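In what follows, every heavy atom counts, from backbone to side chain, and hydrogens, waters and symmetry copies are set aside. The shown structure was predicted, so the numbers you read here are calculated from the model rather than taken from an experiment.
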Amino acid sequence: MTRYKYLGDRYTDEVLKGATCTAVRDERGKCIRGRNGSMLVRFDSGLVANVIGRLLRKISTP
């Protein structure tokens with residue numbers, strides 16, 4: 001399971017800046033991405049949101 005840290009931008013709610021999330025996957029197991037580079041993610045708080053993909057940073061797991 002791939003984990004990401006959401007950096008956010010100046011319009012992002014402060015609660016979501018720096019929050020960790022996981023990618024929502026379709027039935028084939030691929031991440032759901034939009035044509036404009038957005039990505040559907042589920043934050044640890046349970047919130048499902050469509051965020052800008054280039055503001056996500058992959059967290060390395062040992």
Same cluster or not: are [X] and [Y] linked, directly or through other Ile, Leu, Val, Met, Phe, Trp or Tyr residues, by side-chain heavy atoms under 4.5 angstrom apart?
X   : Y   : value
L40 : L16 : no
L47 : L55 : yes
Y4  : I52 : yes

[X] [atom1] to [Y] [atom2] distance, which is reported to the nearest 0.5 Å:
X   : Y   : atom1 : atom2 : value
T20 : K5  : OG1   : NZ    : 9.5 Å
K58 : T2  : NZ    : OG1   : 5.5 Å
M39 : R54 : CE    : CZ    : 14.5 Å

For atom CZ of R33, is the number of surrounding heavy atoms from other residues, nucleotides or ligands below 6.0 Å larger than 12?
yes
Considering non-hydrogen atoms only, spot the tightest contact between V24 and R42 and give its length.
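Smallest interatomic distance, heavy atoms only, reads CG2-N, 4.0 Å.
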Let's go through Y6 and V51 carefully: what are the C-alpha distance in whole Å and the side-chain angles of both, what is the deciding distance for side chain to side chain contact (heavy atoms under 4.5 Å, CB included) to 0.1 Å, and is it a yes or a no?
CA-CA 8 Å; Y6 182 56; V51 299; 3.7 Å; yes
Answer whether the closest heavy-atom distance between the side chains of C21 and L56 falls below 4.5 Å.
yes
Between the main-chain N or O of R25 and the side-chain N or O of K30, is there a donor-acceptor pair closer than 3.5 Å?
no
